[in-house]
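The structure appears below as structure tokens.
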Amino acid sequence: MSVTPLSVSVPALNLKAQYERIRDEIEPVLKRVVDSQMFVLGPEVDALEREVAEFCEVARGVGCASGSDALLLPLMALGISAGDEVITTPYTFFATAGSISRLGAKPVFVDIEADTYNIDPAQIEAVITPRTKAIIPVHLYGQAADMDAVNAIARKHSLHVIEDAAQAIGAVYKGKRVGGLGTVGAFSFYPSKNLGGFGDGGLMTTDDPVVGRALARLRVHGMEPKYHHHEIGFNSRLDALQAAILRVKLRHLETWTFERRQAAQRYQSLFETHELTDWISTPRERDGHVSVYNQYVIRVPAVMRDPMREFLTSRGIGTEIYYPIPLHLQPCFADLGYKPGDFPRAETAARETIALPMYPELLDEQQRYVVGSIHQFLDAHAHPRLKADRAA
Ligand SMILES: *Cc1c(COP(=O)(O)O)cnc(C)c1O
């Protein structure tokens, strides 16, 4: 089959399209902050913290400089330090494990579930030691991890749970929003996240007032009140400009999530119409979960993944690989002693997954072009053995 090329390309991400929709709302708030000349923390950040906490159905929000710091600060607040161990997944963005190592603690990995790419709770208990202090499940691509199972293990062994919710603001797990499912929730406002600022930013959520106060202190060098330092924090403040922009965007978040979910459904039905579901696996949303589809990630046989990506690039279609090297195989973690084969599901996912364009403004015709192009590639280039398997 052939597909007529679109005159426009289909980028992996299109922030300009989103900005066009809200430009008229953003410009006055930029002016408001600039006129106030209050740039760091202050009333805009306070308001954002309240609004995000309310959105996540959590008692308190504490803004900070990035999603990476939103992981680092709670580990510090919970007293995690050299000699401690923290369990997490090897199939995530670097910051999840990097934050643990930054404090001198040791990341301990367990494999993922093959269908959701999230940490497999069934493998957690086997790696718990007397030094284990916390678990960091990641809600990857916008779908919550299996939090009941994670929390049951955490309770049994008196461990803290920090949700890495950087990709999942608004995601629902059994009727509850992510961010309120563990001790602390960590969010990122990096521009490519579902709620993205015009630069870096992050926020932590918690229902624990003591932890909330510690987080708010640690982001300003452990200071409370002014010039009294009881512990050593660092500078991880959120800018007022970012907060003001994010407050505007937060009002649209539910609509954008709805549009992302619609786009995911359209991909699914296009893959079915093209009869491609024997070749590729599409994302699976578990019962009781509402995914916010920060990414739309499909799986293809490993031999075809990179050639398919090149073909799509040549057709003006942007894609990404999240993540080509699982964290246990990163050079910087060599001293942890892991080797290839330790986490086969994460390693397979690293070879087979590819993220397709996904954003609220993605058009039906763009999605038809993407799926039509994948069809064309598979017809022309699919590995002969795979073709034979399919014919059999
Ligand atoms: C983006 C991301 C982070 C880090 O957020 P930054 O704001 O870029 O520091 C952490 N964990 C995951 C899973 C992420 O996707």
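Worth knowing before you read on, the calculation uses all heavy atoms, side chains too, and leaves out hydrogens, waters and symmetry mates. Whatever order the structure lists ligands and atoms in, that order sets their numbers, starting from 1.
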Are side-chain heavy atoms of F189 and L195 found at a separation under 4.5 Å?
yes

Determine whether the aromatic ring centres of residues F333 and F94 are separated by less than 6.0 angstrom.
yes

Hydrogens and angles aside, do T282 and Q268 bring a side-chain donor and acceptor to less than 3.5 Å of each other?
yes

Which of these, H229, H230, R213, sits in a side chain to side chain donor-acceptor pair (under 3.5 Å) with E224?
R213

Charged N to carboxylate O below 4.0 Å: is that the case for E57 and K176?
no

Could you list each nitrogen or oxygen of ligand 1 that sits under 3.5 Å from a protein nitrogen or oxygen, with the atom names and the distance?
unit_1, atom_1, unit_2, atom_2, d
ligand 1, 5 (O), S188, OG, 3.3
ligand 1, 7 (O), G67, N, 2.7
ligand 1, 7 (O), S188, OG, 2.6
ligand 1, 9 (O), G67, N, 3.3
ligand 1, 9 (O), S68, N, 2.8
ligand 1, 9 (O), S68, OG, 2.6
ligand 1, 11 (N), D164, OD1, 3.3
ligand 1, 11 (N), D164, OD2, 2.8
ligand 1, 15 (O), Q167, NE2, 2.8
ligand 1, 15 (O), K193, NZ, 2.7

Six-ring centre of Y369, R315 cation under 6.0 angstrom, axis tolerance 45°
no

